[in-house]
Amino acid sequence: MTDGLPPGLAALPPLREVIAQHGLTAKKAFGQNFLFDSNLLDKIARVPGPFSGARVYEVGPGPGGLTRALLRAGAEVTAVEMDIRCLPALAELGEAADGRLTVIEGDAMRIDEPALLGAPAHIVANLPYNVGTALLVRWLTTDPWPPWWRSLSLMFQKEVAERIVAAPGTDAYGRLSVLAQWRSRPRIALSLPPRAFIPPPKVDSAVVHIVPAEAPEGVPVSAIERVTAAAFGQRRKMLRASLKALPGGLEALAASGIDGARRAETLSVDEFVALARCWAAPS
Ligand code: SAM
């Protein structure tokens, strides 16, 4: 061991060399903005808390910068990467990691994660921006609940991170805020400027840390999704107008006791849950 690291990991060439050796120029189509700064990568790997041998599921390891940091932090990593150009570099990292890294080639949107991982895992990812929100929604809408994952530590465009944690009454508050805060306790753990990435994206980024919460009984995911879609679909309108488009929406509004003159962005998450519960209840 060198500085507590297995010798294989300590002897790895710098990431820039790995990228040059394997011709891993960043491709826009894969949403590739790479991180090189090992201090920053170690900070991201520490967001979920101490790992002590815990399983981590990483989406999009690319050349393996964050993967190295996760391995340095003591995690057992299963990583899914879509760009086959990265696989030889990741295979070298796997060899250096003494069996603590498994790499799967594939599209994270199509993986049966509980079957792949076999045990609860922390999800950590510098996500491709083009699939980040879709993956988050997939992980937040999974059933049964509590979910198969233990925590999510995910990189987003800052504007998306702000929507996830937004409070009622703000411009950023919307469907994603309600869904995330219904099922979890999201917080922004780190903010990163464009210059942290190569190539730099046009916008700031942030890592959001999400721990699952107890979801209230008797509220199906589909009810939360349908009610918030209708309410925020016309967010400047009063609820009695926006919920007209949802079959049974006005009846649910009346049953919930929420004032139909209010706008979607003024409702708390608890009020959305109450509305969704009334909408889902058999009439
Ligand atoms: N983790 C690396 C880092 O932090 O430097 C790379 C991050 S880069 C923003 C996103 C990575 O996700 C790329 O390697 C890309 O090829 C991969 N990727 C994009 N779409 C994917 C998908 N649907 N499933 C799995 N990996 C994907």
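Each ligand, and each atom within it, is numbered from 1 in the order the structure gives. Everything numeric in this text was worked out from a predicted model, so none of it was measured. Worth knowing before you read on, the calculation uses all heavy atoms, side chains too, and leaves out hydrogens, waters and symmetry mates. Sequential numbering from 1 along the given sequence is applied to the chain's residues.
Summary of contacts: the protein heavy atom closest to atom 3 (C) of ligand 1 is Asn126 ND2, 3.5 Å. Nearest non-hydrogen protein atom to atom 8 (S) of ligand 1 is Gly31 O, 3.6 Å. The closest protein non-hydrogen atom to atom 12 (O) of ligand 1 is Gly60 CA, 3.1 Å. Taking atom 20 (N) of ligand 1 as the reference point, the nearest protein heavy-atom neighbour is Pro128 CG, 3.4 Å. Among protein heavy atoms, the minimum distance from atom 16 (O) of ligand 1 is reached at Glu81 OE2, 2.6 Å. Nearest to atom 23 (N) of ligand 1 among the protein's heavy atoms is Asp107 OD1, 2.8 Å. The protein non-hydrogen atom at the shortest distance from atom 13 (C) of ligand 1 is Gln32 CG, 3.5 Å. Nearest protein neighbour of atom 21 (C) of ligand 1, counting heavy atoms only, is Met82 SD, 3.5 Å.
Looking at Leu35 next to ligand 1, an N or O pair under 3.5 Å apart turns up. Polar contact check, Ala108 against ligand 1: a nitrogen or oxygen pair lies under 3.5 Å apart.
A salt bridge does not link Arg183 to Glu214: none of the charged side-chain nitrogens sits closer than 4.0 Å to a carboxylate oxygen. Ion pairing between Glu271 and Arg262 holds under the 4.0 Å rule for side-chain N and carboxylate O. A salt bridge links Arg72 with Asp42: the distance from a Lys NZ or Arg NE/NH1/NH2 to an Asp or Glu carboxylate oxygen falls below 4.0 Å. Using a cut-off of 4.0 Å between Lys/Arg side-chain N and Asp/Glu carboxylate O, Arg110 and Asp107 are scored as salt-bridged. Salt bridge annotation for Glu113-Arg138: present, with a cationic side-chain nitrogen under 4.0 angstrom from a carboxylate oxygen. Using a cut-off of 4.0 Å between Lys/Arg side-chain N and Asp/Glu carboxylate O, Arg100 and Glu76 are scored as not salt-bridged.
Near Gly106, meaning under 4.0 Å from any of its heavy atoms, are these atoms of ligand 1: 24 (N), 25 (C). In summary, the atoms of ligand 1 found under 4.0 Å from a heavy atom of Asn33, numbered by their order in the structure, are 7 (C), 8 (S), 9 (C). Against a heavy-atom cut-off of under 4.0 Å, Gly62 is close to the following atoms of ligand 1: 14 (O). Near Val80, meaning under 4.0 Å from one of its heavy atoms, ligand 1 places the atoms 25 (C), 26 (N). When each atom of ligand 1 is checked for a heavy atom of Asp83 under 4.0 Å away, the hits are 16 (O). Listed by atom number, the atoms of ligand 1 under 4.0 Å from Glu58 heavy atoms are 1 (N).
Of all the heavy atoms of Pro61, the ones lying under 4.0 Å from any atom of ligand 1 belong exclusively to the backbone.
For the residue pair Gln32 and Asp83, a side-chain donor N or O sits within less than 3.5 Å of a side-chain acceptor on the partner. Residues Arg68 and Ser38 bring no donor and acceptor atom of their side chains to less than 3.5 Å of each other.
Side chain of Ser184 to backbone of Gln181: no donor-acceptor contact under 3.5 angstrom is found.
Note that Arg163 lies outside the cation-pi zone of Tyr173, set by a 6.0 Å cut-off to the ring centre and a 45° limit from the axis.
Arg226 CZ: 12 or fewer foreign heavy atoms inside a 6.0 Å radius.
For Gly65, the closest heavy-atom approach to ligand 1 does not fall below 4.0 Å.
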